[in-house]
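A, B, ... follow the sequence lines: proteins, then strands. Residue 1 opens every chain. These numbers come from a predicted model, not from an experiment.
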Amino acid sequence: MDRYDPKTIEPKWQKVWADEHTWEVSNDATGKPKTYVLEMLPYTSGEPHIGHLKNYAVGDAVAHFHRRRGEYVLHPMGYDAFGLPAENHAIKTGQQPRKSTDESIEAFGRQLRRLGVSIDWTREFGTHQPEYYRWTQWIFLRMYERGLAYRKEAAVKWCPNDQTVLANEQVIDGRCERCGHLVEIRQLEQWFFKITDYADRLLDDLETIEWPPHVVTMQRNWIGRSEGAEVVFRCEELGIDYPVFTTRPDTLFGATFFVLAPEHPDVLRLSDTPEVHEYVNRALTESAEERGDEHRQKTGVPLGRTVTNPATGEEIPMWVADYVLLEYGTGAVMGVPAHDARDFEFATQFDIEIRRVIDCGELPCTDDGPMVNSGRFDGLHNREAYEQIVDWLESDGKGRRTVSYRLRDWLLSRQRYWGCPIPIVHCEKDGLVPVPDDQLPVELPDVEDYAPKGKSPLAAAEDWVNVTCPKCGGPALRETDTMDTFVDSSWYFLRYCDPHNDQAPWDREIVKKWMPVDQYIGGVEHAILHLMYARFFVKALADMELLDVQEPFARLFTQGMITRDGAKMSKSKGNTVSPMEYVDRFGADTARCYILFIGPPSDDADWQDSGVGGVHRFLSRLWTAAAEAGETGSDPDSSGPSDLLRKAHWAIDKVTRDMQTNFGFNTAIAAVMELTNEIYRQRESAPPGDVRFAVATAGSLIFPFAPHLGAEVYEMMTGRRVWEEPWPEADPALLARDEIQLVVQVNGKLIDRLAAPSTASREELEELARGSDKLAVRLDGGEIVKTVIVPGKLVNFVVR
RNA sequence: GCCCGGGUGGCGGAACUCGGUCAGACGCGGUCGGCUUAAACCCGACUGCCCGCGAGGGCAUGUGGGUUCGAAUCCCACCCCGGGCACCA
């Protein structure tokens with residue numbers, strides 16, 4: 001072999017790692033600090049794409065770096081095998097989901113091995129395996145026992161294309177997150193997880209984790225905590241109390257009307273005129289997107305009834321209007337047109353009284369100011385009045401302080417085939433009966449026709465559906481809905497710790513040893529879905545005393561997308577890049593390095609074929625340098641450290657800092673390129689021992705990004721295995737220079753550069769700078785009025 | 001509309017935490033040279049823009065101001081791009 005040949009090198013090292021089980025870790029005590037590095041598990045729809053290459057290139061670099069810094073690293077891998085992505089892929093390719101899923105898993109396993117990713121494969125699993133989902137069901141039952149999983153009828157989001165209900169989180173701008181169809185609202189009985197019980201903790205604990213600020217913000221917004229008050233408006237005529245939620249109880253005296261959401265169950269009871277009927281029906285059939293359009297004119301119909309404003313005692317008119325949402329607050333609002341833009345618009349539209357109660361500028365205004373038209377609260381600052389009004393309402397029993405959230409409970413049931421069965425039996429006599437633990441798993445039966453049809457395809461599997469009730473022994477029916485895929489992925493990182501346990505989902509002590517995940521890596525598209533659900537699961541499981549952590553992912557890194565010619569890659573555009581094509585052509589090391597070199601990994605980046613060639617050239621040069629350095633003789637005595645030796649230590653320092661701080665892989669790789677270029681420039685002149693050291697160092701430093709070449713080069717230079725070596729340390733003595741370049745400036749403009757000893761004092765530097773012959777020319781009779789000296793850097797003469 | 005990012009050569013990007021070496025590391029692309037019968041590969045030199053034969057000079061980090069001896073870096077206003085939120089009371 002006389003040139004870099006990844007086709008030889010890569011299988012060679014992959015075989016060593018597989019034969020020697022190099023990346024496997026045990027759960028026994030080691031005395032080393034642990035690190036848990038995890039990439040988000042992939043959906044099993046087809047083959048790995050370029051995003052996966054980036055995901056694992058980043059994760060593997062992190063894992064290798066930590067290992068060589070003396071940590072014991074858990075780096076496992078598995079598959080999110082149930083759910084819409086896998087099932088839709090199966091439908092598209094006309095296969096049984098189980099078959100297409102297993103094929104996809106096979107492809108992932110094979111390709112990740114070809115990429116040389118350092119994974120402990122003994123911990124691998126798919127969430128569709130009965131050994132796994134048995135415990136998903138077990139967790140569901142624990143949730144059910146605690147009232148955290150419940151069934152109720154509600155207005156839910158329905159995707160007519162995927163023929164299933166969706167969680168709120170899966171509806172983006174009124175459309176299905178997966179297929180993009182407009183969702184409809186249906187009144188259905190469904191299963192929910194009571195994530196709302198955890199709203200405050202999900203919010204507060206964001207403080208305890210190191211996540212990208214924008215992801216934290218997204219979760220905050222999604223939880224949408226608002227503090228305010230519940231105020232009761234009474235309809236005297238019918239003797240009914242209507243509480244509303246408001247964040248502005250200080251504006252209560254300005255409430256001149258009252259609005260119910262069209263879905264509010266009392267609307268037709270209050271008024272069943274044809275106008276009201278028609279309005280309600282129209283609102284119900286409109287899509288969430290149409291209704292949510294902020295810019296359209298306000299609509300509404302009066303109900304011909306009144307409620308009493310508890311502050312003023314006045315009767316104010318009741319309306320029904322679709323700008324009020326049933327699911328937020330109480331489904332009813334007080335209308336304060338003077339101090340709320342929406343209410344102002346509505347009141348203007350329907351000629352309702354607008355009464356200012358805060359002196360805060362032009363109406364409508366939401367700013368602070370002194371109270372007016374508010375009885376005994378007049379003159380107070382509105383913030384102060386806020387407190388006093390709520391106190392007054394509380395003492396009168398007309399209201400209370402409260403908190404409202406945007407977060408809704410997680411709708412987890414799906415009317416689809418390919419998912420984890422919900423372990424519940426419907427008995428005519430006993431109602432909902434949980435399947436006993438010793439009968440788990442409730443296995444997903446094979447069915448002929450698994451196409452979505454609006455109800456679960458499992459209903460057709462009669463043998464499976466008809467069971468005896470575990471409680472009374474009478475005839476009963478299995479629950480036929482399956483679970484949302486996000487349930488499966490809400491606890492998989494726990495199972496990796498103890499993947500073969502068949503007595504429990506995990507051993508608490510073992511999980512305690514590994515959790516939390518120290519570095520989690522994945523796409524930002526899961527900012528609320530998966531990342532919120534997994535946090536909820538961990539908190540709920542911790543409350544059950546099954547876990548000792550409150551947060552699953554201590555640090556999160558969100559990678560940017562890879563585009564092609566500036567455009568998002570998609571099959572329909574035909575601009576996809578298959579990672580394996582490049583692995584075939586250039587090798588895994590080149591593909592991995594390129595995707596890290598292309599730019600900061602958190603940014604979106606554009607894939608350019610010519611750039612791949614450049615990275616391959618660099619790796620080839622490094623290999624060639626190693627091959628040639630291997631042939632050189634012994635080290636002649638040298639006087640002091642060579643420039644090449646210094647450069648090697650500079651590179652160690654640079655790469656180490658880039659790795660430790662913000663995932664600076666692009667600049668880390670650039671530093672190794674610089675070192676390699678320096679080796680080429682100096683390989684004739686530098687002492688051979690230094691050349692060998694520089695080449696070995698380059699191999700050692702490139703190892704986290706290009707493990708095969710790194711191992712090869714390091715072995716060529718030292719005969720040792722790089723992954724068994726500690727991460728190199730830069731010698732501070734070789735980082736420091738004896739001599740610095742002193743910059744001489746006049747009025748901040750550079751005029752000269754001089755060599756100066758790095759230890760020179762301010763006076764010596766000024767002396768040196770004054771001696772510059774260029775200074776005399778520049779001065780040209782001018783007068784030095786001030787001298788700025790920055791030790792180690794420059795001398796600046798201010799001249800007039 | 002509100003909240004975050006971000007605007008640097010022909011391109012991707014460095015430097016931007018702490019203001020300080022003619023801004024532009026590294027890579028792509030380009031020009032030239034070497035090797036070769038030739039091409040590819042490889043090796044080497046050059047490559048921000050403008051003027052100039054040259055020495056050299058001028059202009060340059062979205063735009064306009066400001067602070068400073070000195071600003072890509074700090075401050076203010078504006079423009080543009082990307083992302084998030086958005087009738088949540």
Collect all protein-nucleotide pairs involving nucleotides 41-46 of chain B in which both atoms are nitrogen or oxygen and the distance is under 3.5 Å.
{"unit_1": "B:C42", "atom_1": "OP1", "unit_2": "A:Arg617", "atom_2": "NE", "d": "3.3"}
{"unit_1": "B:C43", "atom_1": "OP1", "unit_2": "A:Arg621", "atom_2": "NH1", "d": "2.8"}
{"unit_1": "B:G44", "atom_1": "OP2", "unit_2": "A:Arg621", "atom_2": "NH1", "d": "3.3"}

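Each of A:Arg408 and A:Met218 lies near RNA chain B, and the nucleotide nearest A:Met218 is the one positioned closer to the 5' end. A residue-by-residue look at A:Asp343 and A:Gly611 shows that A:Gly611 has its nearest nucleotide of RNA chain B further toward the 5' end.
In this structure, the NE2 atom of A:His214 is 12 Å from the P atom of B:G6, given to the nearest Å. Remark: P of B:G27 and CG of A:Leu596 are 17 Å apart, rounded to the nearest angstrom. Atom CG in A:Asp609 sits about 11 Å away from atom P in B:G29, given to the nearest Å. Across the protein-nucleic acid pair, A:Phe618 atom CZ and B:C28 atom P stand 11 Å apart, rounded to whole Å. Atom CH2 of A:Trp607 and atom P of B:G29 are 15 Å apart (whole Å). The CZ atom of A:Arg657 sits 13 Å away from the C1' atom of B:A25 (whole-angstrom rounding).
Pairing of B:U36, defined by two Watson-Crick or G-U wobble distances under 3.5 Å, is not identified with any nucleotide. Shown here, B:G82 forms a base pair with B:C4; the pair counts as Watson-Crick or G-U wobble because both key distances fall under 3.5 Å.
Among the protein residues, A:Val333 comes within range of the nucleic acid bases, having at least one heavy atom under 4.0 Å from a base atom. In this structure, A:Gly329 reaches neither bases nor backbone, as no heavy-atom distance under 4.0 Å exists between it and the strands shown. Residue contacts for A:Thr217: at a heavy-atom cut-off of 4.0 Å it reaches no nucleic acid atom on any strand shown. Looking at heavy-atom distances under 4.0 Å, A:Val244 makes no contact with the nucleic acid at all.
Annotation: side chain to side chain contact (heavy atoms under 4.5 Å, CB included) contacts of A:Ile528 (sequence neighbours excluded): A:Gln219, A:Trp222, A:Met532. Legend: residues meeting side chain to side chain contact (heavy atoms under 4.5 Å, CB included) with A:Asp584, ordered by chain and number and at least two apart, are A:Arg114. Partners of A:Gln170 according to the side chain to side chain donor-acceptor pair (under 3.5 Å) rule, which considers only residues two or more places apart in sequence or in another chain, are A:Arg414, A:Asp484. Qualifying side chain to side chain donor-acceptor pair (under 3.5 Å) partners for A:Asp241, counting only residues two or more places apart in sequence or in other chains: A:Arg234. Every residue meeting the side chain to side chain contact (heavy atoms under 4.5 Å, CB included) condition with A:Arg355, not counting sequence neighbours, appears here in chain and number order: A:Thr256, A:Thr312, A:Glu314, A:Glu353, A:Asn373. A:Glu764 meets the side chain to side chain contact (heavy atoms under 4.5 Å, CB included) test with A:Ala760, A:Ser761; sequence neighbours excluded. Partners of A:Arg621 under the side chain to side chain donor-acceptor pair (under 3.5 Å) rule, at least two apart in sequence or in another chain, are A:Asn677.
Across B:A89, B:C28, B:A25, the shortest atom-to-atom separation from the side chain of A:Asp340 is found for B:A89. Counting only heavy atoms from C-beta on, A:Met673 has its side chain closest to B:G27 among B:A25, B:A89, B:G27.
Side-chain contact annotation: A:Tyr582 with A:Thr590, donor-acceptor N/O pair under 3.5 Å absent. Side-chain atoms of A:Thr247 and A:Tyr386 include no donor-acceptor pair closer than 3.5 Å. Using modelled atom types and a 3.5 Å distance limit, the side chains of A:Tyr323 and A:Asp343 yield a donor-acceptor pair.
Note on A:Arg248 versus A:Asp340: no salt bridge recorded, every NZ/NE/NH1/NH2 to OD/OE distance being 4.0 Å or above.
Comparing B:U61 with B:C74, their P atoms sit 15 Å apart, to the nearest whole Å. For the C1' atoms, the distance linking B:G54 with B:U67 amounts to 41 Å, nearest Å. Across the P atoms, B:G7 and B:C59 are found 25 Å apart, a figure rounded to whole Å. The same atom, P, is picked in B:C18 and in B:C11; the two are 31 Å apart, to the nearest Å.
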Its contact letters, B for base, S for sugar-phosphate only and - for none at protein heavy atoms under 4.0 Å, make nucleotides 10-21 of chain B read -SBSS-----BB

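For B:G9, the base adopts the syn conformation, since its glycosidic angle falls within 90 degrees of zero.
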